[in-house]
Engineer: 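Below: one structure in structure tokens.
Letters go in sequence order (proteins before strands), and every chain restarts at 1. Note that the structure is a prediction, hence the values are computed from the model and not measured.
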Amino acid sequence: AAARDQIQVSGSSTVLPYATIVAEAFGENTDFPTPVVESGGSSAGLKKFCEGVGENTIDIANASRPIKDSEKEACKAAGVTEIMEVRIGYDGIVFASDINGNDFAFTAADWFNALAAEVVQDGKIVANPYTKWSEIRADLPDQEILAFVPGTKHGTREVFEEKVIAAGCEETGAAEVFTAEKGEDDGEAACMSLRTDGKSVDIDGDYTETLARIQSAPNGIGVFGLSFYENNTDKLKVATIGGITPSTETIAKGEYPVSRPLFFYVKKQHIGTIPGLKEYVEFFVSDELAGPEGPLAAYGLVSDPELAATQTAVADEATIAQ
Amino acid sequence: MPVSWTILIVLALSGLGYLATRSRAVRLAGGDIRKLHSRPSYYGWNAALLIGVPALFVTAIWRFLWPATSPALISAVALILAAAGLAFALTRTAPDFRARNAVETTVKALLMLCSSIAILTTAGIVLSMLFETGHFFQQYSWTEFFFGTTWSPRFGGGSDLGILPLLWGTLYISVIALAVSVPIGLFAAIYMSEYASGRMRSIAKPMIEVLAGIPTIVYGLFALITVGPMLRDWFAQPLGLGSSGSSVMTAGLVMGIMLIPFVSSLSDDIINAVPQSLRDGALGLGSTRSETIRKVVLPAALPGIVGAILLAASRAIGETMIVVMGAGAAAQMGLNPFEAMTTITVKIVSQLTGDTDFAAPETLVAFALGLTLFTITLGLNIVALYVVRKYREQYE
Amino acid sequence: MTDATLPGPAVPPGKSSLLTLDARTRKRNAAEARFRAYGLGAIAIAVVMLLILLFTIVTGGIGAFRQTYLEIPVTLDAAQLDKKGNRDPEDIKKVLTLTYGKLLDQSLQAVIAEKGIVVADLSGKDIKDLISKEAAAQLRARVLADPGLIGQTVPARVLVNGRVDGYYKGRVSMESAARDANTSPQQLQLADALRAQGMLDTVWNWSFLTSPDASDQRPEAAGVGIAILGSLYMMLVVLFLSVPIGVGASIYLEEFAPKNRWTDIIEVNISNLAAVPSIVFGILGLAAFINFAGLPQSAPIVGGLVLTLMTLPTIIIATRAALKAVPPSIRDAALGVGASRMQSVFHHVLPLALPGILTGTIIGLAQALGETAPLLLIGMVAFVKNFPAAPPEGLFDPASALPVQVFNWTQRADPAFIERASGAIIVLLVFLLCMNLVAIFLRRKFERRW
Amino acid sequence: MNDMSILERSVDQSDIKITARDVQVHYGDKHAIKDVSVELLDKTVTAFIGPSGCGKSTFLRCLNRMNDTIDICRVSGRIALDGEDIYDKRVDPVQLRAKVGMVFQKPNPFPKSIYDNVAYGPRIHGLARNRAELDEIVEKSLRGAALWNEVKDRLADPGTGLSGGQQQRLCIARAVATQPEVLLMDEPCSALDPIATGQVEELIDQLRSEFSVVIVTHSMQQAARVSQKTAFFHLGNLVEYDDTDEIFTNPRDPRTESYISGRIG
Amino acid sequence: MNDMSILERSVDQSDIKITARDVQVHYGDKHAIKDVSVELLDKTVTAFIGPSGCGKSTFLRCLNRMNDTIDICRVSGRIALDGEDIYDKRVDPVQLRAKVGMVFQKPNPFPKSIYDNVAYGPRIHGLARNRAELDEIVEKSLRGAALWNEVKDRLADPGTGLSGGQQQRLCIARAVATQPEVLLMDEPCSALDPIATGQVEELIDQLRSEFSVVIVTHSMQQAARVSQKTAFFHLGNLVEYDDTDEIFTNPRDPRTESYISGRIG
Ligand SMILES: Nc1ncnc2c1ncn2[C@@H]1O[C@H](COP(=O)(O)OP(=O)(O)OP(=O)(O)O)[C@@H](O)[C@H]1O
Ligand SMILES: Nc1ncnc2c1ncn2[C@@H]1O[C@H](COP(=O)(O)OP(=O)(O)OP(=O)(O)O)[C@@H](O)[C@H]1O
Ligand SMILES: [Mg+2]
Ligand SMILES: [Mg+2]
């Protein structure tokens, strides 16, 4: 086979849109061919990444979470010993409902009470009794509880559970009761287990599916990525959390609590072999693209306040410890 | 890609070899082909096969097993083999050479090779999943996997990964899908082959086949946007069976529509192939057309029809998109057909394409699910084989 | 010794008129009519469903075949494009699309000023975003191809933003624009004003069929060119492998293989393969063709091979059923005149089984053409911008496929991609129809009763 | 032609079972039956004779509308059973065929057990109230067709596994079991040995006491033995139709004479 | 049994075409041919007679290994053609069947044109150098089978659209066209009228000058007319095998006598 001349990127579908925007611009503005960007999930991407070194393995894995130790080990075992970690920014996670519906101002506690399998009422653990938002807190609208949350395959789910449900569990004080009654581990698990009576609907598809579900069930509230919401402001109405409206600015400032970092991992061993690899990485994190004024931010990426550090690390080809 | 050029060259060579040996055979027979053991074209084919088969075979195997080898070397060897084949074929061409037998033996071997690809594929599938399945069972108890009734993977570990709810969902959805597609498909096939005019059949059949070609995502959206809400508003809510927009019923119905052509087109061909004399026999005894069809034609066509239904069932088991959008992603075991459920296949896909740690049981479970599903369908197929054997009616 | 005695009638056959139906016949006829009605009903259901689906696809996707363009003169300012003024291609290359975007923006503003278009509350962003981001890239490519243009004012036909395009296709309205972060009523009014000037028009969109995919920010530029090629390449591989192999395997199993446990195993195996979820074939493809055999990622050849393996069971099952249905007397007849089994199969049985084989092929290829899941794992569900070369080399270049394009587009945030996805589905169905036309024609030709 | 003369002979109307008038049959362009008019009597065995390919089977198949199943076949003229036009719109061919049974030229047993083959007709017509009655009908029919002794131990074996002659007798048994008013038999004894032939002829003779039977045969002897009336076909024409004795001893048409004396084919 | 006595009669070895020794055939459990030994002569017409279901077709199909195609059929014993065991591993059944042609009991034309039906054998065996030769073979074969006049204008029509007797003759023509050394004919005239039968018998007589012919028939007259040797089968046994004259005038076995005089079936 002739030597591969285009960069191969794979991984998270959350990072995919940003990667394609960069790849497209990279192809247009340089003499290198446009990188091929696959989607398939962080897991599959990292797995391919750790398959080994050489032309028929990929160069970059996109991930919506940091690489795990077990994955680093697998990488190492396959000879992928030098990995550069690049954090490109943050993905904001927002709650949105049909544009014609009620306005919502949530707290994490509301979400816990609405979706947890068990809640604490009068100091006792009971199966979640709430059917309407107004039952949870009087100033919430009188509307059926129906939430479309990311399925367990999505990284977003983890963030949702940790930063919303678990936080709500703490906030309501349910966490204490759970740990007291069930012990440390089970108590924590009880905090994060969602009700299964159809009020909380898992979505294994993508945000377009969540949107379609909201359109066919207008009293539903969905969990979306910020960028998805920003592209569909004509159909969706976003809810505040703790009084903060999500936006790239509020998230970057740390005011809006629910977000997660996005990464990509570069196989340093391929730099020099695959033409344009280093250039692509540098191009990606350059201020013109990943900065707050760049197209990525315009699309909805919360740009990283520490972008400069990342740029230096990339220039130095700094690898992560394995 | 020199290898692909090699293939083209070898093919051209065998074409030339065909022509050369064929005319040589005729010449050797002094123009009277009756003196030849076989028809001249068999001599030609013999040469073509001798040139092409070893060369292409070696190229393919070599390229596949030792991909690192220099393509030039492979090409050289292939061309040498092709040349040797040509020389050999020419020397062997003689009037009393049993060319037909030689060709048929080779062709038979090739046919055998074709059917062994199925075995190789199976072996490949099992092998490619066995390893990871092993990893999974090292990290997760097999009793909980096979007998667990909860499916709830978590990122942080501590997941419940019981297959039973998925298995139940798979069966439930497939049964509904077949309950839709088999009667519709079979009746459509019967109508097309027994009642419809040639014109209607020639239009209806390809039209129905388009259903098989519509990407499943379209069906998925159809389920999500049209059928799901419709079932919810017209059936589930009035009947007090819940208010879920996605349900087993939605996915089953929509999948059933997709599967219609699998049943109808294949069955139609098989029914059409039942000899007319059998129909005449039944009609001559005063049976109505429908009696003829039910009592004589269908039993005679049974193996083919069962094959078609099995194919439809297989597709139902293997379908992802429609289930994701139609039935939801919730793994639960219930009898209410208006509740959301999910299938093994969906979870294989979602665990493989998700964001979990690829070495964690939450991802590896996909392989275990795949292998388990494989074993279950194998069992079902064995049963089907015996049932067909038992009821097969061989005509003539 | 004769045992010929007449069966005494259990029910005496009373003479009844043919013109009046007796009760039993009436009942049987009613059953017959019902049966027939079921058949007709079944076909009707199938056809109606098809029409509904086609209707939704076509209404949703027809828009993708029209596109809104803006025709404006663009001043290629030498000061910005060639700062050194030496027209050195290497230096011109250093100027990025960003700069070209600004040029376009300036040109549009100039036009607005020149034509005296006034829109209340029109912001700079509205003007800037009216023109697609793709336009800058196209302009840059045009200048690089012909540096002599620098310094001139050239007419340019540029794509407009997807929302404005959607406005002319009914997807976006003034009300929705008011809520939309990515457009505004002012922008749409500006577009209307430009349209009134004859500078903006919605026309037939060839580039949808010829251009590659575009990133999430440029739905208006996305096309299915590479996807069509990728699907075509894959289908070539599938056609040339799965049909001969499938038919060959069926012939062997049905006509030559000894009927023993071993063939039973193969038989069960094949029907079991049909039940293997398609993504598992992707797992196999990744393991066997990419990791083991070292074929490249994202290449149609690998996709084709995987789809071949996936299609084989369908073709084999259909072919075997068709072969089984050929009456044995036909084989006997051929063997009786001294044909070999091979000859009897290839001369007589196979032609008679051809309709069934073709049906299997049609259905198998339809399935292969529309499949995404296995491609996920072998890297074909990808964003690919560069066209693959002509075959055979092109088979090894990265490409995407039609269903992949559909899958990708339906996941994207910008609603304009939904329309593109439906458009891609239309293309896919047309592709399928072209592929099947030959098969359907052949099938009709070979259909006969005996 | 002198075909008309046949019809001019007066027949007792009440005895006529089937009347055919000006029947024409085309297979596509091929004119297979040309203007045939004939009256078949009740409680009578009629033999159709004539060289191979002259249209005997075709005409026979018209009598119970089996030709409906051949796409390219067009039938015109009038055929009446008991005075009722069988090609009338209102006539249900199913009911017609229940009354006018048929044994085909090529034996076509169903790919079912021997028992089920014979029981098929009685089952669909509801001729047996219970299993015992059905068993009885099956046995009687098989005995009638001289097959009982050979198959009584293998009633559950498939009918397709029988020898040629056995299949033929099975088809006869199957047709007899439905108890039709008219039985059309297309060369029912072609694959039978003389003894079996004799038994089948005996059966035909018995059937005659209640029903009418039409039999196609190539054997003049058989025609002479079993039939009371004989029709001679030639190249699609009905050349002569008369009492069997008359035909064989005193044929009116030279072609008939040539045929029965073995001179034209 | 006295089967062995048949073999004791000395025959000129060079004249023997097919030797069968201790042939047994089973269909599953059914013992269809029991220990049959016989020697069929070259350039001779041998008739197989016997009641329906006695195993004539089964034995005939053993002679060119057509029984190979029936799964449940098992053949044992030794059958030799020109002294070579045809069940030998090395024997190519295809070549065998090219030498030993067969006309089946049930006519089974290919669903192809009449011309192609007949031309099929010559084509695969390369018997014709060019189209003209092929045309000639086809015409000759169809003439031989007394079908030419009926089909010469419709050679391109499908063979399945012929009448029963025409199909039978088509199959005869098809078998003859391949020019086999031995021709096995299973009731070739069962659906033919006397004239056509006579013509086919004439063909058989012509074939005899070069080949050997085995014919199964239910007509004693036919056996007497065309055959030189006759074998009488009964319930799977070969009861008697002798010169035809001998069998019909002076049968040795009482069963033979009963059969030819029409007493057992
Ligand atoms: N395929 C088969 N399976 C089972 N039994 C069979 C099969 N073919 C024939 N037989 C049985 O073997 C015996 C001999 O059959 P065969 O066909 O040889 O008879 P035959 O002498 O040719 O009779 P006929 O004159 O009726 O054709 C019969 O009893 C028949 O039922
Ligand atoms: N399905 C058909 N298509 C076209 N022609 C046909 C068809 N069936 C019969 N024929 C032709 O019609 C004519 C009469 O055929 P028919 O079967 O009635 O003859 P038959 O008298 O029964 O002859 P046989 O004694 O050979 O059975 C023949 O010339 C035959 O070739
Ligand atoms: Mg006939
Ligand atoms: Mg026989």
Engineer: Non-hydrogen atoms of chain C under 4.5 Å away: do they reach the side chain of B/Leu211, the backbone, both or neither?
Structural biologist: both
Engineer: What are the two closest heavy atoms between C/Lys324 and B/Pro303, and how far apart are they?
Structural biologist: CD-CB, 4.2 Å
Engineer: Is C/Glu32 salt-bridged to B/Arg294, going by a charged N under 4.0 Å from an acidic O?
Structural biologist: no
Engineer: Is it the backbone or the side chain of C/Leu437 that comes under 4.5 Å from a heavy atom of chain B, or both, or neither?
Structural biologist: neither
Engineer: Taking it one step at a time, do C/Gln367 and B/Phe262 satisfy side-chain contact (heavy atoms from CB on, under 4.5 Å)?
Structural biologist: CA-CA 11 Å; C/Gln367 187 186 344; B/Phe262 285 76; 4.3 Å; yes
Engineer: Considering only heavy atoms from C-beta outward, does the side chain of B/Asp269 approach that of C/Leu358 to under 4.5 Å?
Structural biologist: no
Engineer: Work out which heavy atom in C/Pro244 is nearest to a heavy atom in B/Cys114; give both atom names and the distance.
Structural biologist: O-SG, 4.3 Å
Engineer: Carefully, step by step, assess C/Leu50 and B/Ile208 under the rule side-chain contact (heavy atoms from CB on, under 4.5 Å).
Structural biologist: CA-CA 7 Å; C/Leu50 175 73; B/Ile208 294 179; over 6 Å; no
Engineer: If I measure from the heavy atoms of chain B, does C/Ile317 come under 4.5 Å with its side chain, its backbone, both, or neither?
Structural biologist: side chain
Engineer: Is chain C contacted by the side chain of B/Glu104, its backbone, both, or neither, given a heavy-atom distance below 4.5 Å?
Structural biologist: both
Engineer: For C/Leu377, is it the side chain, the backbone, both or neither that has a heavy atom under 4.5 Å from a heavy atom of chain B?
Structural biologist: side chain
Engineer: Please state whether the side chain, the backbone, both or neither of B/Phe222 comes within less than 4.5 Å of a heavy atom of chain C.
Structural biologist: side chain
Engineer: For residues 34-48 of chain C, dump all side-chain donor-acceptor pairs below 3.5 Å to protein atoms at least two apart in sequence or in another chain.
Structural biologist:
none

Engineer: Under 4.5 Å heavy-atom distance to chain C, tell me which part of B/Leu266 shows up: side chain, backbone, both or neither.
Structural biologist: both
Engineer: Are B/Ile260 and C/Met49 close enough, and set up right, to give a side-chain contact (heavy atoms from CB on, under 4.5 Å), and what steps lead you there?
Structural biologist: CA-CA 11 Å; B/Ile260 291 173; C/Met49 284 299 163; 5.8 Å; no
Engineer: Report which part of C/Leu273 has an atom under 4.5 Å of a heavy atom belonging to chain B: side chain, backbone, both, or neither.
Structural biologist: side chain
Engineer: With C/Val276, which of B/Leu373, B/Ile125, B/Thr345 fulfils side-chain contact (heavy atoms from CB on, under 4.5 Å)?
Structural biologist: B/Ile125
Engineer: Which atom names give the shortest non-hydrogen contact between B/Ala118 and C/Asn269, and what distance separates them?
Structural biologist: O-OD1, 4.3 Å
Engineer: Counting C-beta onward and ignoring hydrogens, is there a side-chain heavy-atom pair between B/Pro206 and C/Arg443 closer than 4.5 Å?
Structural biologist: yes
Engineer: Is chain B contacted by the side chain of C/Ile245, its backbone, both, or neither, given a heavy-atom distance below 4.5 Å?
Structural biologist: both
Engineer: Does any heavy atom of chain B fall under 4.5 Å from the side chain of C/Ala275, the backbone, both, or neither of them?
Structural biologist: both
